[in-house]
Number of protein chains: 4
Amino acid sequence: MQESPNPQRRSERSHRATLKAALDLCAEQGYAQVTVEGIAARAGVSKKTIYRWWPSKGAVMLEAIDEAALQPTGFSDTGDLAADLHQQMSGTLSLLTDAGIRSAILGVLAEGLQDSQLAGQVHGSLFKPRIDSFKERMRKAQQQGELAAEADVDVALDLLYGPIWHRLVAHLPLPDGPYLSKIIDAALAAVNRRA
Amino acid sequence: MQESPNPQRRSERSHRATLKAALDLCAEQGYAQVTVEGIAARAGVSKKTIYRWWPSKGAVMLEAIDEAALQPTGFSDTGDLAADLHQQMSGTLSLLTDAGIRSAILGVLAEGLQDSQLAGQVHGSLFKPRIDSFKERMRKAQQQGELAAEADVDVALDLLYGPIWHRLVAHLPLPDGPYLSKIIDAALAAVNRRA
Amino acid sequence: MQESPNPQRRSERSHRATLKAALDLCAEQGYAQVTVEGIAARAGVSKKTIYRWWPSKGAVMLEAIDEAALQPTGFSDTGDLAADLHQQMSGTLSLLTDAGIRSAILGVLAEGLQDSQLAGQVHGSLFKPRIDSFKERMRKAQQQGELAAEADVDVALDLLYGPIWHRLVAHLPLPDGPYLSKIIDAALAAVNRRA
Amino acid sequence: MQESPNPQRRSERSHRATLKAALDLCAEQGYAQVTVEGIAARAGVSKKTIYRWWPSKGAVMLEAIDEAALQPTGFSDTGDLAADLHQQMSGTLSLLTDAGIRSAILGVLAEGLQDSQLAGQVHGSLFKPRIDSFKERMRKAQQQGELAAEADVDVALDLLYGPIWHRLVAHLPLPDGPYLSKIIDAALAAVNRRA
DNA sequence: GGGTAACCGAGACGGTACGTCGGGTCTTCGG
DNA sequence: CCGAAGACCCGACGTACCGTCTCGGTTACCC
């Protein structure tokens, strides 16, 4: 992140071990129970080294999530917009089902709500890339006539992703596949309608 | 909350002072910086007394929010569904603009993501009442023909409230009034369309 | 020492346990290896509690020494000045032979050389009482004619106690009993001579 | 000191800069506040280089003191023993009045009380040379009849130097010139007297 | 006079302890 | 018996130095 010291001399071993320890502990104990001290001990790394490269536990976790979230943020383009959306959103939801990643994501999300410094990083790492590729896919759909040219992409974004986060913060069950389809259909219909 | 001791002998003065101190400190320093010790000191109350009546800082805050959230959770029924939704959702959003309440709400929301005990209370206090009266209003609209009888109320809930929370957790700007109208129109169109 | 908090509510158990742990650890590991954390752990006491009542490890040790240095600082008055001096100085020297106390005393002495705050306490606790009773005994000796009325008590103090500290800081062997007698005879002769 | 590497290739610049930085920092901040890191930074030298040539901060300081203590350890022989003693002891005392050297000397003395490895070096560098030349001067005095042949040189050493160290560790004011004369007269009288 | 072995600066590393903070429990005393 | 006050144990914080180590770079010796 803010890499004040010389990043060329950084120990790759410590770097990896820290991220791994962070995620592992998160899976085992839950985000809130994880401490920088614990990560350091588990990784066989000194606290100083962690604080040298990251400003806080949240920043470590964010990088760990990024590294672990293997599936791409990008959309595929099969020509079927609804299917592509479903695939991508399922991918996002699946991050919230694996215990370790889920705990880490909820943790950084929660911490991001309280710490504006971390908030920016959360936005940049977790949301921006997905939003960008979402918008790109939508624009492509408009060019290909799959989507009305006058459709409001921002509204579509809100209508599609909103339900996931709504249910997360309200502690309602997360959408399953079929429900996701209903949402996608409804949202596309809404932005496709003539005003 | 879990009121183990005899609530009849509870000091109303301490009770009020605690809730007030909690919100005040939240406004001044932000939720994360508020501590039980700080609340106790500010309220002129002992820590023991706080722990006697609430299990955690989050529970205090939740009660303080409840008490301070003056506008009703219920919907008015002017006969214009879109207008009623707009009014109610604006009310919810306005809670997120006042510094003190916003900080408190974000705080308990964030903490709720990490603490399943608090999560239940958050759901019960913050979300359930609003969802219930939302559904009630929707059903009334269906009876009055303002809304298609086959409209899926759950989907409507997700489409309408989702954008707010999506933008909150993604650290995007919250919707303003006109944008809210677009969302409401889109969501109602979506659930009203013939399947 | 600086007892900022209310000393009436102090836990006697923690107090005693801390002093005991300090001395024990000193005996086992040597003063330099003893840490506040170690004392706290050994005593079953929190670091906070130690820092509440003492400003530093040195202050804890000083009090521990005081409590443990059972033999009185006062001189006996058998009527034989040289014998009384010998007895008292042997007592002082014996503090420097028991491993635990020796280590603690050397430690606070060393630390006192570096920390003027502690220096004052070292002087007040370790030296002042012994110097005072030395001078008192000398004055009594003068009244009883055992010592020349014009003998310089300060010089006597320096000549008598100096050798001990000289040998300590110069890392020479400490005086044994017979050598002590030589010193005492020489010093008394010196201050008793007509100028 | 333990010069494991090839001393011929040693950088004289680094050597000098380190010793100078050590003493300067000592004067500015006091021995206890000086760190190897601080010395390295001030000297523009790497920590590794310091640890290559000295085992510890104390060893650096000891060498720095040795280099800076310009006045000779040797006694002059004017034929007046008391005067020669006074001159030499004043010289020793003057080391304890210059802020930088005083702080360094107190520091190594203090550290020497705790660290037997350093203790040996302290004895060898600071005390042994002075004691040796003291004894030599005393023996010369005996040959020249200035001092009784049967005078005990060890006792004399203790009586003369003792007061300085006694006052140092007891945090009493150090002797001034006139008082020094009293001590010298008393000590010489004591060892000169017929037993 | 080119190769190489050493010292050098810089500074990252695993550690240990620091002194502080807040959590949640417990004790004392007054009303 | 509740409440204010606050001491207590505990565990984590973020920092400071320790002494070790790995880097390039730059001598200075040896072939």
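Letters go in sequence order (proteins before strands), and every chain restarts at 1.
Inter-residue side-chain proximity for D:Trp54 and D:Thr18 is flagged as met; some heavy-atom pair is nearer than 4.5 Å. Proximity of A:Leu106 to A:Leu168: side-chain heavy atoms (C-beta onward) are separated by under 4.5 Å at one or more points. Residues B:Leu25 and B:Thr35 fail the side-chain proximity criterion, which asks for heavy atoms closer than 4.5 Å. Residues B:Val122 and A:Val169 are not in side-chain contact: their nearest non-hydrogen atoms beyond the backbone lie 4.5 Å or more apart.
In this structure, the CG atom of B:Asp115 is 14 Å from the C1' atom of E:dG23, given to the nearest Å. Between the P atom of F:dC21 and the CD1 atom of D:Ile50 lies a distance of 17 Å, rounded to the nearest Å. If you measure from atom CD of D:Gln117 to atom C1' of F:dG19, you get 14 Å, rounded to the nearest angstrom. Rounded to whole Å, the distance from NZ on A:Lys57 to P on F:dG11 is 17 Å. Going from atom CD of D:Glu37 over to atom P of F:dG19 covers 10 Å, rounded to whole Å. As a whole-Å value, the separation of D:His15 NE2 from E:dA6 C1' is 18 Å.
Sequence neighbours left out, the pairs with a member in residues 108-119 of chain C that pass side chain to side chain donor-acceptor pair (under 3.5 Å) are C:Tyr31-C:Glu111.
Using a 4.0 Å cutoff on non-hydrogen atoms, the parts of residues 38-48 of chain D near DNA chain E are D:Gly44, D:Val45, D:Ser46, D:Lys48, ordered by number. Within residues 21-36 of chain C, the residues that place at least one heavy atom under 4.0 Å from DNA chain E are, in residue-number order, C:Thr35, C:Val36.
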Q. Between A:Val60 and A:Val36, does a side-chain contact (heavy atoms from CB on, under 4.5 Å) hold up when you go through it step by step?
A. CA-CA 9 Å; A:Val60 177; A:Val36 173; over 6 Å; no
Handout entry: side-chain contact (heavy atoms from CB on, under 4.5 Å) assessment of B:Thr49 paired with B:Arg52
Key = CA-CA 5 Å; B:Thr49 298; B:Arg52 184 153 27 224; 3.8 Å; yes
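From C:Arg102, atom CZ reaches atom SG of C:Cys26 across 11.5 Å, with rounding to the nearest 0.5 Å. A distance of 12.0 Å separates CD1 in A:Ile105 from CG in B:Leu113, rounded to the nearest 0.5 Å. Atom CD of B:Glu67 sits about 6.5 Å away from atom NE2 of B:His15, to the nearest 0.5 Å.
Contact between the side-chain N/O atoms of A:Trp53 and the OP1/OP2 oxygens of E:dC13 is found at a separation under 4.0 Å. Contact between the side-chain N/O atoms of C:Arg13 and the OP1/OP2 oxygens of E:dT27 is not found at any separation under 4.0 Å. Proximity of B:Arg10 to the phosphate of F:dC2: no side-chain N or O atom is located under 4.0 Å from OP1 or OP2. Between B:Ser14 and the phosphate of F:dG3, there is no side-chain N or O to OP1/OP2 separation shorter than 4.0 Å.
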For DNA chain E, the expected dot-bracket line (Watson-Crick or G-U under 3.5 Å, [ ] crossing, | inter-strand) is |||||||||||||||||||||||||||||||
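With hydrogens and angles ignored, the 3.5 Å screen pairs no side-chain donor or acceptor of B:Ser103 with any backbone N or O of B:Ala99.
Of all the heavy atoms in B:Val34 and B:Met61, the pair that sits closest is CG1-CE, 3.8 Å. Between C:Leu23 and C:Ala68, the closest heavy-atom pair is CD1-CB, 3.4 Å.
Comparing E:dC13, F:dG3, F:dC18 by their nearest atom to the side chain of D:Tyr51 picks out F:dC18. Of all nucleotides listed (F:dG3, F:dC9, E:dC13), E:dC13 comes nearest to the side chain of A:Ser11. Comparing F:dC18, F:dG3, F:dA7 against the side chain of C:Asn6 picks out F:dA7 as the nearest.
Residues satisfying the ring-ring contact (aromatic ring centres under 6.0 Å, His included) test with D:His171, not counting sequence neighbours, are none.
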Quick one: which protein N/O atoms are closer than 3.5 Å to N/O atoms of nucleotides 25-31 of chain F? Pair and distance per line, please.
unit_1	atom_1	unit_2	atom_2	d
F:dT27	O2	D:Arg9	NH2	3.4

